[in-house]
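One structure is given below, encoded as structure tokens.
Values below: every heavy atom of this structure, side chains too, minus hydrogens, waters and symmetry copies.
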Amino acid sequence: SLEFLYLGGNFITSIPPELANLPSLNYLVLCDNKIQSIPPQLAQLHSLRSLSLHNNLLTYLPREILNLVHLEELSLRGNPLVVRFVRDLTYNPPSLQELAGRTIKTRNVPYAPSDLPENLVRYLSLASNCPNPKCGGVYFDSCVRQIKFVDFCGKYRIPLMHYLCSPECSSPCSSASQSSTSQSESDSEDEASVAARRMQKVLLG
């Protein structure tokens with residue numbers, strides 16, 4: 001039943017995903033720490049109205065943050081994402097197992113649980129769909145991390161982490177690392193329209 005949690009002014013470097021097990025949490029203060037990333041599980045805090053993350057070491061936000069439907073205030077000032085953005089991210093080539101799994105999934109190769117070892121059946125169930133609607137591909141462990149800029153309230157563009165199946169995938173977010181181009185602005189129209197309705201106040205400066 002916890003509604004307010006203040007953890008500001010500590011030397012916290014990471015947020016435990018178990019924090020998402022607080023369904024009544026309205027206000028979460030994590031400012032003035034050394035946090036480098038936000039676990040996507042925080043999107044399960046559906047009652048959250050205010051999230052204070054200023055003065056940390058954040059370079060991006062997980063795109064799941066858009067699922068915080070009651071969030072009214074997001075404080076981000078004093079983070080690297082405000083003044084610089086991630087442009088070059090490492091891509092590890094997929095393993096032979098992943099390449100085989102992608103082929104099975106994208107070509108709809110039929111199989112039954114009795115045809116494969118249990119660990120491979122479980123592996124195939126973990127496939128993630130590429131967010132590019134023109135791609136139709138999948139990925140398991142190997143993916144391309146990119147930054148997609150989303151416009152909150154029509155005033156600020158903040159970077160959300162985005163995943164693609166391969167470097168060749170021409171996602172709508174392929175130019176998202178350019179914050180001021182017309183392409184990147186059109187890229188984020190769908191998410192921006194949703195986010196602008198939800199987010200009342202984003203504090204970047």
Which heavy-atom pair separates Ser142 from Pro94 by the least distance, and what is that distance?
-> OG-N, 3.4 Å
So, the side chain of Arg77 versus the backbone of Leu53: is there a donor-acceptor pair under 3.5 Å, distance only?
-> no
Co-membership, hydrophobic cluster, residues Leu51 and Tyr6, 4.5 Å side-chain = no
Could you pull out the closest heavy-atom pair between Leu164 and Cys143, with the gap in Å?
-> O-CB, 3.2 Å
Does the side chain of Phe140 reach to within under 4.5 Å of the side chain of Arg102, using non-hydrogen atoms?
-> yes
Indicate yes or no: at least one non-hydrogen side-chain atom of Ser37 is less than 4.5 angstrom from one of Tyr60.
-> yes
Begin from the C-alpha positions of Leu28 and Leu22 and carry the test side-chain contact (heavy atoms from CB on, under 4.5 Å) through to its verdict.
-> CA-CA 11 Å; Leu28 177 57; Leu22 297 171; over 6 Å; no
Do Leu5 and Val29 come close enough that some side-chain heavy atom pair is under 4.5 Å?
-> no
Asn79 (side chain) donor-acceptor with Asn56 (main chain) under 3.5 angstrom | yes
Please confirm whether the backbone N or O of Gly8 pairs with a side-chain atom of Asn10, one donor and one acceptor, at under 3.5 Å?
-> yes
For the atom pair CG (Leu99) and CD1 (Ile104), what is the distance rounded to the nearest 0.5 Å?
-> 11.5 Å
Which heavy atom in Val144 sits nearest to a heavy atom in Ser166, and how many Å separate them?
-> CG2-C, 3.3 Å
Side-chain contact, heavy-atom cut-off 4.5 Å: Val121 with Leu124?
-> no
Quick one: do Leu2 and Ile12 end up in the same hydrophobic cluster if we chain Ile, Leu, Val, Met, Phe, Trp and Tyr together by side-chain heavy atoms under 4.5 Å apart?
-> yes
Measure the CG-CD distance between Leu58 and Gln36 for me, rounded to the nearest 0.5 Å.
-> 8.5 Å
So, do Ile35 and Leu30 sit near enough that their side-chain heavy atoms are less than 4.5 Å apart?
-> yes
Report the distance from atom NZ of Lys105 to atom OG1 of Thr103, rounding to the nearest 0.5 Å.
-> 12.5 Å
Before giving the answer on side-chain contact (heavy atoms from CB on, under 4.5 Å), spell out for Asn26 and Leu45 the whole-Å C-alpha distance, their side-chain angles and the decisive distance to 0.1 Å.
-> CA-CA 8 Å; Asn26 288 325; Leu45 295 173; over 6 Å; no
Same hydrophobic cluster for Tyr27 and Leu48, using side-chain heavy-atom links shorter than 4.5 Å among ILVMFWY?
-> no
Report the distance from atom CZ of Arg49 to atom NE2 of His70, rounding to the nearest 0.5 Å.
-> 9.5 Å
Could you check if a side-chain atom of Tyr139 sits within less than 4.5 angstrom of a side-chain atom of Asn129, using non-hydrogen atoms only?
-> no
Note, Asn33 side chain near Asn55 side chain (heavy atom, < 4.5 Å) = no
Spell out, yes or no, whether Phe4 and Leu7 are grouped together once hydrophobic residues are joined by side-chain heavy atoms under 4.5 Å, including indirect joins.
-> no
Could you tell me which non-hydrogen atom of Leu71 sits nearest to which non-hydrogen atom of Ser50, and how far apart they are?
-> CD1-N, 3.9 Å
Would you say Val109 and Leu120 are hydrophobically clustered, going by side-chain heavy atoms of ILVMFWY under 4.5 Å?
-> yes
Before giving the answer on side-chain contact (heavy atoms from CB on, under 4.5 Å), spell out for Cys165 and Cys135 the whole-Å C-alpha distance, their side-chain angles and the decisive distance to 0.1 Å.
-> CA-CA 9 Å; Cys165 64; Cys135 173; 3.5 Å; yes
May I ask you to test the Pro23-Ser47 pair for a side-chain heavy-atom distance under 4.5 Å?
-> no
Measuring from His54:NE2 to Asp32:CG, what's the distance to the nearest 0.5 Å?
-> 5.0 Å
Nearest heavy-atom contact between Asp141 and Glu98 is N-OE1, 2.9 Å
Do side-chain atoms of Asn132 reach the backbone of Lys134 as a donor and acceptor pair under 3.5 angstrom?
-> yes
Could you state the interatomic distance from CG (Leu68) to NE2 (His46), rounded to the nearest 0.5 Å?
-> 8.0 Å
